[in-house]
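Notes follow the structure.
Hydrogens, waters and symmetry mates are skipped; everything else that's a heavy atom, side chains included, is used.
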Amino acid sequence: MPETILVIDEGTTSTRGMLFALDGRCLGSAQRELTQHYPAPGLVEHDAAEIWERTLACTREMIDKAGGAERIAAIGITNQRETIVFWDKTTGEPLSPAIVWQDRRTAERCAALKEQGHEAAVQAKTGLLLDPYFSASKIGWALEHWPQLKDAGDRLAVGTVESWLVWKLTGGLHVTDATNASRTALMAIGSGGWDDGLLALFGVPRAILPEIVDCAGRFGETRLFGAPIPICGLAGDQQAATIGQACLSPGDTKATYGTGAFVLTATGTTLPTSRHRLLATVAWQLGGQRHYALEGSVFVAGSLIKWLRDDLGLLASAAESEAVARSVPDNGGVYLVPALSGLGAPWWRPDARAAITGLSFSAGRAHVVRAALEAQALQTHDLKTAFAGDGCDWTRLRIDGGMAANDWLAQDLADMLGVTVERPAFVETTAMGAAMLAGVGAGLFGSLEEAAKMRGELRTFEPRLDAAARQHRLDGWAKAVASVLGG
């Protein structure tokens, strides 16, 4: 049996194909950028056809590198969560733009549902809050405002991005895994099925939705590349990273710093509840049994550095941010609250807008760039406080994602959180988790624990900042956030 796993890692700003050996070595990677469309303030869209075409190109490149489809044992797919795609079951073509997870067009609708008293029931059923971040309000909005979706009738299919890719790869299989389904606000997180009350609340017909399946198994196969290749692993990106970081026991915690930043603490088969506006989510589902996690979501992380580079011209490259931050001894009193898409946990304020505070003539480019990097640890500290309040404080944090390669940022996290920060040598653990799931689904590993040997070597960062200096920065951050929240 072939022992190479192909991963499709479809993110918010790019899509990739990656080849893995069973010992965790990455044998190759192909990447294509995805176009972000901003038709109006607060609106973020993707072209689902572009997602497919560029994913297909990356996939073909990696299959060629492997020596052909017959050399690949299984495909694992991981994806940007909550982004929703609408397509025609007959033609297999998109019927509208895909609405991205960052999109805030349904903020008023979610606020109205809160005022009507629905949030407590939604949270009890889904583990989520009423926020435009999640897919349900996006689907309801699209069905109401885009006539072509109404006109499609029984031909309409809706799904998150992994669902769209499976459909295209297999020629018509309409499934979604339990982790992605748990992020729609349409699935009852305890029972694992679509909930009639939630479907009615958001105006979503059950018939347009996919079947909910496990995260590992044989879901179908693709015959687009010659020999058939089974699709054996599916998970949303943050859950895949949790698995890739081997956060398999209750209390294990990881933070991924990609476009946004997402912290998950595993809680095992116990469904968590939050009193501090964190989320309960499915971490993975195998054999119909769900394992859960408590999650805190930050909307803007790596996208903030991209904004500094592309829109403000303060950086020539994202990698330059580390050297620029080190060029000054401190932030000079400058704080950057990156509410470019509102504020996520624990605030959940889609109306919040970003701010740079503490500017003076002594502040320069380096202080603003440093403040942007510092915002990652400060936002993460807000989450740590909320997790501790829910009885899930962290003693160690496992980090990954593109930003985690920045040594300055990794040390700043350790300093501001006061815990050991652990970083694998291979930081793309989202793809690693998808490979682990595909390996389990294909029978290459007997369990996720066995697959965890793929994780590889680690580096640790220990806290060095004294308590007074830490508190000084936290106080400045609290004032900056209060100014954004209107407090």
Side-chain angles (χ1 to χ4, degrees), residues 10-15 33-51 79-87 94-114 122 126 128-149 156 158-164 176 180-186 201-204 208-209 236-238 258-262 279 281 295 297-304 306-307 310-311 338-345 347-354:
E10 195 290 319
T12 308
T13 57
S14 69
T15 187
E33 287 196 3
L34 296 174
T35 308
Q36 306 285 103
H37 300 277
Y38 304 99
L43 273 60
V44 190
E45 297 176 350
H46 276 157
D47 178 351
E50 180 188 82
I51 290 175
N79 59 289
Q80 53 169 312
R81 304 174 303 172
E82 297 94 19
T83 295
I84 201 75
V85 182
F86 308 85
W87 69 93
L95 289 168
S96 69
I99 304 179
V100 179
W101 60 271
Q102 296 161 309
D103 190 282
R104 317 305 289 171
R105 74 186 67 198
T106 61
E108 289 185 6
R109 171 63 174 155
C110 291
L113 290 173
K114 283 184 189 178
V122 169
T126 68
L128 311 177
L129 300 171
L130 276 170
D131 190 90
Y133 175 31
F134 306 109
S135 312
S137 64
K138 295 176 171 63
I139 301 171
W141 182 94
L143 293 175
E144 183 179 348
H145 289 87
W146 284 338
Q148 69 270 34
L149 303 185
L156 176 62
V158 175
T160 41
V161 174
E162 96 295 349
S163 184
W164 163 241
T176 186
N180 277 291
S182 76
R183 308 297 295 188
T184 61
L186 295 173
L201 180 66
F202 291 103
V204 179
I208 67 176
L209 297 174
D237 52 9
Q238 302 312 317
T259 300
F262 303 89
L279 309 175
T281 195
E295 176 173 340
S297 310
V298 170
F299 296 152
V300 176
S303 55
L304 177 63
K306 184 175 185 292
W307 177 71
D310 297 347
D311 295 284
L340 295 162
S341 296
L343 281 177
W347 313 109
W348 295 107
R349 284 284 298 273
D351 58 317
R353 291 295 173 261

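- Looking at residues two or more places apart in sequence or on another chain, you find a side-chain hydrogen bond (donor to acceptor under 3.5 Å, both in side chains) between Glu10 and Gln80.
- Between Asp131 atom CG and Leu113 atom CG the span is 11.5 Å, to the nearest 0.5 Å.
- Between Phe134 and Cys110 there is no side-chain heavy-atom pair separated by less than 4.5 Å.
- Considering only heavy atoms from C-beta on, Leu279 stays 4.5 Å or farther from Phe262 through its side chain.
- Under 3.5 Å, the side chains of Glu162 and Thr176 contain a donor-acceptor pair of N or O atoms.
- Aromatic ring centres of Phe86 and Trp164: separated by at least 6.0 Å.
- With sequence neighbours left out, the side-chain hydrogen bond (donor to acceptor under 3.5 Å, both in side chains) criterion links Arg349 to Asp351.
- From His37, atom NE2 reaches atom NE2 of His46 across 7.5 Å, with rounding to the nearest 0.5 Å.
- Contact annotation: the side chain of Tyr133 approaches that of Arg104 to within less than 4.5 Å [non-hydrogen atoms, C-beta and beyond].
- Heavy-atom neighbours of Gln148 CD from other residues, nucleotides or ligands within 6.0 Å: above the threshold of 12.
- Here the CG-CG distance, from Leu156 to Leu149, works out to 5.5 Å after rounding to the nearest 0.5 Å.
- Interatomic distance, Arg105 CZ to Ile99 CD1, rounded to the nearest 0.5 Å: 4.0 Å.
- A donor-acceptor contact under 3.5 angstrom links the side chains of Glu50 and Thr35, judged on distance only.
- For the pair Thr15/Ile51, no side-chain contact is recorded, criterion being any heavy-atom separation below 4.5 Å from C-beta on.
- Ring orientation note: the planes of Trp146 and Trp141 are nearly perpendicular, at an angle over 60° on the 30°/60° scale.
- Thr281 pairs by the side-chain hydrogen bond (donor to acceptor under 3.5 Å, both in side chains) definition with Ser182, Arg183, Gln239, not counting sequence neighbours.
- At distances below 3.5 Å, at least one donor-acceptor pair connects side-chain atoms of Ser135 with backbone N or O atoms of Glu82.
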